[in-house]
Amino acid sequence: MTAPLGADPAVVGPYLAGVLDDPAWRGCTVEAIAGGRSNLTYAVTSPAGALVLRRPPVRAVRPTAHDMAREHRVISALAGTAVPVPRAVHLCTDPGVLGAPFYVMERVDGVVARGTLPPGYADGAPEREAMTDGLIAVLADLHAVRPEDVGLADFGRPEGFLTRQVRRWRGEWDALRDRDRPELDRLGEDLAGAVPDNPSGSVVHGDYRLDNVLLDPADPGRVAAVLDWEMSTLGDPLADLGLLIVYLRRGGDGDVSMVVPAVTSLPGFPDAAEVVRRYAERAGRDVSALPWYVALGFF
């Protein structure tokens, strides 16, 4: 078998055997987990158990977007809170091992709802309502975490968070534009000219959506773990909600054309307005400025 690019088991096994003090890891197998769009994820299995390894892309060009220490830090900090995260096991900051820093965490059994649902899973409207409620509850619980209580007081710069977000994504568009798209330019200008003056400072995930969580195989209404924390920082919680609405919108919500297929286009899922209402109720937060954040999410 060809070793997975970026995580050769002949290297991973002996390394884990040493740092975890268990020689059974030497005979591990490593399998790339498909689905991620940025950092690379691998399942590591041996007689000693099962772990997940995360590392930057082999040819990463933006170190700040692939900071393994930040991911490891935030899931370590959130352990023991109401936010379900995999248990962090080990962080390797030595790029000499795999060519880049990486970390390993426990493997959580769960269902990823990406594009479709497994046969027989959450087939009815009550289960799909519960799935949405569970997703919203965890997001509200994340935003209720006080950064200073979990050692994340210096995890980001909340002041000016939204202004930097707009500037960043306008810069991405300038760098990647394929042709003139005046409507997109105008949206960027409109966003920059109407940045909300909302309090910031919560822990935000940065890419919170249904296919970035693992759902309990036996209970669709329970989030087993939140994954992919590479964009997390301290910022405005409504940015998370706005992006979630982008990914939860159904084909009939305002005639939006969905670029990414969404499980929530299936019958039985609440519409966007109901999702917002439930979040506002759970979080006790004013969401009147949310249309700007949804526009940012689409941008």
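These numbers come from the heavy atoms of this one structure, side chains and all, not from hydrogens, waters or symmetry mates.
Residues Pro118 and Val111 form a side-chain contact, since some pair of their non-hydrogen atoms from C-beta on lies under 4.5 Å apart. The side-chain heavy atoms of Trp229 and His205, taken from C-beta on, include a pair separated by under 4.5 Å. Side-chain atoms of Pro57 and Asn39, non-hydrogen and from C-beta on, do get closer than 4.5 Å to each other. Met231 is not listed as a side-chain neighbour of Leu243, based on a closest heavy-atom distance of 4.5 Å or more. Contact annotation: the side chain of Val108 never approaches that of Leu227 to less than 4.5 Å [non-hydrogen atoms, C-beta and beyond]. No side-chain heavy atom of Val213 sits less than 4.5 Å from a side-chain heavy atom of Val138. Side-chain contact between Leu191 and Leu187 is present, with heavy atoms from C-beta onward closer than 4.5 Å. When side chains are defined from C-beta on, Leu215 counts as touching Val223, because their heavy atoms get closer than 4.5 Å.
Atoms CD1 and CG, from Ile75 and Leu91 in turn, are 9.5 Å apart once rounded to the nearest 0.5 Å. Atom CE of Met131 and atom CZ of Arg222 lie 13.5 Å apart (nearest 0.5 Å).
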Would you sort out whether Arg128 and Val263 count as a side-chain contact (heavy atoms from CB on, under 4.5 Å), showing the intermediate values? CA-CA 10 Å; Arg128 293 174 181 180; Val263 166; over 6 Å; no
Show, in sequence, the C-alpha distance, side-chain angles and deciding distance for Asp133 and Arg282, and conclude whether the salt bridge (Lys or Arg N to Asp or Glu O under 4.0 Å) test is met. CA-CA 10 Å; Asp133 279 342; Arg282 172 88 181 200; over 6 Å; no
Step by step, work out the side-chain hydrogen bond (donor to acceptor under 3.5 Å, both in side chains) result for Gln165 and Asp236. CA-CA 10 Å; Gln165 286 289 300; Asp236 192 322; over 6 Å; no
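Grouping the Ile, Leu, Val, Met, Phe, Trp and Tyr side chains by contacts below 4.5 angstrom, directly or via other members, places Tyr293 with Ile136. Taken together through direct or relayed side-chain contacts under 4.5 Å among Ile, Leu, Val, Met, Phe, Trp and Tyr, Leu40 and Leu214 form parts of separate hydrophobic clusters.
In this structure a side-chain-to-backbone donor-acceptor pair under 3.5 Å is present from Glu106 to Arg87. Formation of a donor-acceptor pair under 3.5 Å by the His143 side chain with backbone atoms of Leu238 is not found in this model. Asp240 contributes no side-chain N or O that, together with a main-chain N or O of Tyr208, makes up a donor-acceptor pair within less than 3.5 Å. In this structure, the side chain of Arg107 engages the main chain of Val44 through a donor-acceptor pair within 3.5 Å. The backbone N or O of Ala7 sits nowhere less than 3.5 Å from a side-chain atom of Arg55 that would complete a donor-acceptor pair. Between the side chain of Arg54 and the backbone N or O of Met68, no donor-acceptor pair lies under 3.5 Å.
By the neighbour-count criterion of 12 heavy atoms within 6.0 Å, atom CZ of Arg170 is densely surrounded, having more than that number from other residues, nucleotides or ligands. For Glu274, the CD atom is densely surrounded, since the number of other residues' heavy atoms within 6.0 Å is greater than 12. Within a 6.0 Å radius of CG in Asp21, other residues, nucleotides and ligands contribute 12 heavy atoms or fewer.
Seen from the ring of Phe155, Arg70 counts as a face-on cation partner, given the 6.0 Å and 45° thresholds.
The only option from Arg285, Arg278, Arg277 that meets the salt bridge (charged side-chain N to carboxylate O under 4.0 Å, His left out) definition with Glu281 turns out to be Arg277. For the pairing with Arg114, the side chain to side chain contact (heavy atoms under 4.5 Å, CB included) check across Val112, Leu117, Thr116 returns one residue only, Val112. Just one of Thr264, Thr132, Val276 meets the side chain to side chain contact (heavy atoms under 4.5 Å, CB included) condition when paired with Pro270; it is Thr132.
Salt-bridge formation is detected for the pair Arg146/Asp149: a Lys NZ or Arg NE/NH1/NH2 atom is positioned less than 4.0 Å from an Asp or Glu carboxylate oxygen. Here Glu159 does not pair with Arg157 in a salt bridge; the nearest charged N to carboxylate O distance is not below 4.0 Å. Salt bridge present: Arg73 and Asp154 bring a charged side-chain N and a carboxylate O closer than 4.0 Å.
Side-chain rings of Tyr15 and His90 approach one another, their centers coming within less than 6.0 Å.
Applying the 4.5 Å side-chain rule to ILVMFWY residues, one finds that Leu176 remains a lone member of its cluster.
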